[in-house]
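Here the structure comes first, spelled out in structure tokens, and everything after it is commentary.
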Amino acid sequence: SRHSSRGTSTSSKDGAVRVKTRNDGNDKKYLILGLSAVALVAIVLGFVAIADFHGDDPKVPPLTQVSASASSLCGIAIDGTNSPVVCYGLHTIEPEGNFRMVSQSNTHACAISTDNAVICWGTACTEGEPGCPAALTQLSQDTYWEVAVGEQTTCLLHQSDSKITCTGGFPVPGPVANMHLIDIAIDDNLACVVNAASQTFCWDNAGQLFNVSSIDGQGVLEASGGFSPSVFADSNARRRRRSADETAPIPTVCATSFNRQVWCQDLRPDQDGNTRPWIRVLADSTSQFEVVSFSAGRGCAVSTTGEIEC
């Protein structure tokens with residue numbers, strides 16, 4: 001999502017972290033892709049105290065959009081009238097030019113230029129690597145609305161027909177492949193999209209679709225999915241044999257609704273086989289939210305005034 005890279009943080013009684021950032025005035029705020037523990041710290045500390053990436057280097061420019069993984073951080077910088085890609089950790093051989101969006105994982109990164117062309121780079125972008133075909137290492141002739149990068153996977157939202165294609169071992173289910181989409185997101189083994197009717201669809205890397213219900217009859221603006229670590233409420237859990245259901249990561253989707261609230265849904269069916277309800281998060285916040293990012297049990301949302309709450 002597009003936001004300033006610097007801010008101050010506070011925490012509330014509900015445990016949410018709130019970071020005040022500069023609202024850059026853009027109508028569209030792109031998703032904070034691949035949010036991880038490192039990304040959460042990066043957001044809270046304003047990207048200036050991440051020793052693993054760039055320490056307290058005063059030359060680091062403010063960033064208007066970021067994408068983070070466990071070992072890397074990329075963003076779109078503000079450099080006068082230019083908007084270059086900058087990366088810390090991995091993927092530091094950035095393409096030249098002006099860009100409006102970047103997405104990355106541990107294997108590679110991709111960015112969309114201000115002319116809506118896509119280019120990718122990184123260790124996965126070599127001949128014979130299906131997750132990032134060599135053709136993508138040059139600015140594309142085709143144009144795209146969005147790009148979403150996972151481990152050994154690249155998904156693109158085409159400008160010509162608003163449809164999605166994915167490379168690598170991440171098949172797109174038939175019903176989704178034929179939809180006109182407005183938003184795409186991928187987090188390793190879970191992908192989520194929003195179609196033109198503001199409905200959310202999620203599937204895993206085997207192509208299995210999950211049942212995603214509507215949010216009290218409301219449409220969805222943005223969605224982001226990921227697998228959460230299992231949480232054990234039973235204090236005796238370590239003393240007994242854990243079943244596969246208990247130890248398996250939990251597929252979860254979070255979304256912003258038409259009334260600018262943030263909701264999350266456990267995509268596993270309940271004990272009766274029914275779809276679980278959406279649960280509102282950041283419920284005590286007075287903010288209205290535009291976008292949300294969720295990964296590995298952590299989430300952040302960006303408000304209409306440029307405030308990030310996690």
Side-chain angles (χ1 to χ4, degrees), residues 1-2 27-35 67 100-101 103 110 112 116 118 142-150 153-168 170-227 251-269 275-281 288-295 299 301-302 304:
S1 4
R2 295 195 167 193
D27 292 332
K28 173 67 176 175
K29 294 190 175 182
Y30 291 100
L31 198 63
I32 304 171
L33 298 163
L35 185 66
S67 176
R100 62 175 178 81
M101 179 183 187
S103 175
C110 297
I112 294 182
N116 296 326
V118 68
D142 294 333
T143 54
Y144 303 91
W145 291 123
E146 291 192 10
V147 61
V149 173
T153 303
T154 304
C155 293
L156 294 162
L157 181 58
H158 295 253
Q159 188 176 16
S160 59
D161 57 10
S162 297
K163 293 183 179 180
I164 187 176
T165 57
C166 293
T167 64
F170 213 108
V172 179
V176 175
N178 294 319
M179 292 178 183
H180 297 286
L181 305 175
I182 61 173
D183 183 60
I184 62 174
I186 185 170
D187 179 66
D188 294 345
N189 295 323
L190 187 69
C192 291
V193 299
V194 178
N195 68 6
S198 300
Q199 299 169 313
T200 306
F201 297 84
C202 298
W203 68 96
D204 61 19
N205 61 353
Q208 176 188 347
L209 276 168
F210 293 94
N211 290 324
V212 184
S213 61
S214 62
I215 304 176
D216 293 337
Q218 298 183 56
V220 169
L221 296 173
E222 303 264 4
S224 176
F227 282 90
T252 306
V253 60
C254 294
T256 48
S257 60
F258 274 7
N259 64 355
R260 309 289 182 176
Q261 296 173 342
V262 181
W263 301 75
C264 293
Q265 183 180 25
D266 181 343
L267 295 177
R268 301 172 303 171
T275 302
R276 298 174 188 260
W278 288 86
I279 297 174
R280 187 182 172 194
V281 297
Q288 291 185 313
F289 297 97
E290 288 193 290
V291 296
V292 64
S293 180
F294 179 87
S295 177
V302 181
T304 55

- request: Could you tell me whether a side-chain N or O of Thr153 sits under 3.5 Å from a main-chain N or O of Gly168, the two making a donor and an acceptor?
  value: no
Closest non-hydrogen atom pair, Cys192 against Val253: SG-CG2, 3.8 Å
field: Candidate list Thr200, Thr275, Thr252, test side chain to side chain contact (heavy atoms under 4.5 Å, CB included), partner Gln265, passing option
entry: Thr275
- request: Indicate the atoms forming the closest heavy-atom contact of Leu157 with Asp183, along with that distance.
  value: CD2-N, 4.2 Å
- request: Mind checking the CH2-CD spacing from Trp278 to Gln218? Nearest 0.5 Å is all I need.
  value: 11.0 Å
- prompt: To the nearest 0.5 Å, how far apart are OG in Ser257 and CZ in Arg280?
  reply: 8.0 Å
query: Would you say Asn211 has more than 12 foreign heavy atoms packed within less than 6.0 Å of its CG?
result: no
task: Keeping the roles fixed (side chain from Asn178, backbone from Gly174), state whether a donor-acceptor pair exists under 3.5 Å.
output: yes
field: Nearest atoms (heavy-atom pairs only) where Ala185 meets Ser224
entry: CB-CA, 4.3 Å
query: Can you check whether Glu222's main-chain N or O pairs, donor with acceptor, with Thr256's side chain at less than 3.5 Å?
result: yes
Trp263 side, atom CH2; Cys254 side, atom SG - distance, nearest 0.5 Å: 12.0 Å
statement: Heavy-atom nearest pair, Val220 first then Ala255, reads CG1-CB, 3.7 Å
statement: By ring pair (Phe, Tyr, Trp, His ring centres under 6.0 Å), Phe210 pairs with (sequence neighbours left out) none
- request: Indicate yes or no: at least one non-hydrogen side-chain atom of Pro251 is less than 4.5 angstrom from one of Arg268.
  value: yes
task: Could you please spell out the steps behind the side-chain contact (heavy atoms from CB on, under 4.5 Å) verdict for Leu267 and Val212?
output: CA-CA 7 Å; Leu267 295 177; Val212 184; 3.7 Å; yes
field: Thr154 side chain to Thr167 backbone, donor-acceptor under 3.5 Å
entry: no
query: Given the rule in the side-chain contact (heavy atoms from CB on, under 4.5 Å) test, do Ile279 and Asp266 qualify, once you have shown the distances and angles that lead to the verdict?
result: CA-CA 9 Å; Ile279 297 174; Asp266 181 343; over 6 Å; no
field: Atom pair OG (Ser162) and CG (Asn195), whose distance is rounded to the nearest 0.5 Å
entry: 11.0 Å
message: His180: which residues meet the ring pair (Phe, Tyr, Trp, His ring centres under 6.0 Å) condition with it, sequence neighbours left out?
response: none
- request: Without swapping roles, check the side chain of Trp203 against the backbone of Pro171 for a donor-acceptor pair under 3.5 Å.
  value: yes
- line: CG (Leu156) and CD1 (Ile112) are apart, to the nearest 0.5 Å, by 7.0 Å
query: Closest heavy-atom contact between Arg276 and Ser213?
result: O-OG, 4.0 Å
Under the side chain to side chain contact (heavy atoms under 4.5 Å, CB included) test, residues paired with Asn205 that sit two or more places apart: Phe170, Asn189
- request: In sequence, state the C-alpha distance, the side-chain angles, and the governing distance for Lys163 and Met179, and then conclude on side-chain contact (heavy atoms from CB on, under 4.5 Å).
  value: CA-CA 6 Å; Lys163 293 183 179 180; Met179 292 178 183; over 6 Å; no
- prompt: How many angstroms lie between CG in Asn116 and CG in Asp142, if you round to the nearest 0.5 Å?
  reply: 11.5 Å
query: Given Gln159 and Tyr144, is the side-chain contact (heavy atoms from CB on, under 4.5 Å) satisfied, shown in steps?
result: CA-CA 4 Å; Gln159 188 176 16; Tyr144 303 91; 5.6 Å; no
query: Which heavy atom in Ile164 sits nearest to a heavy atom in Cys155, and how many Å separate them?
result: CD1-CB, 4.1 Å
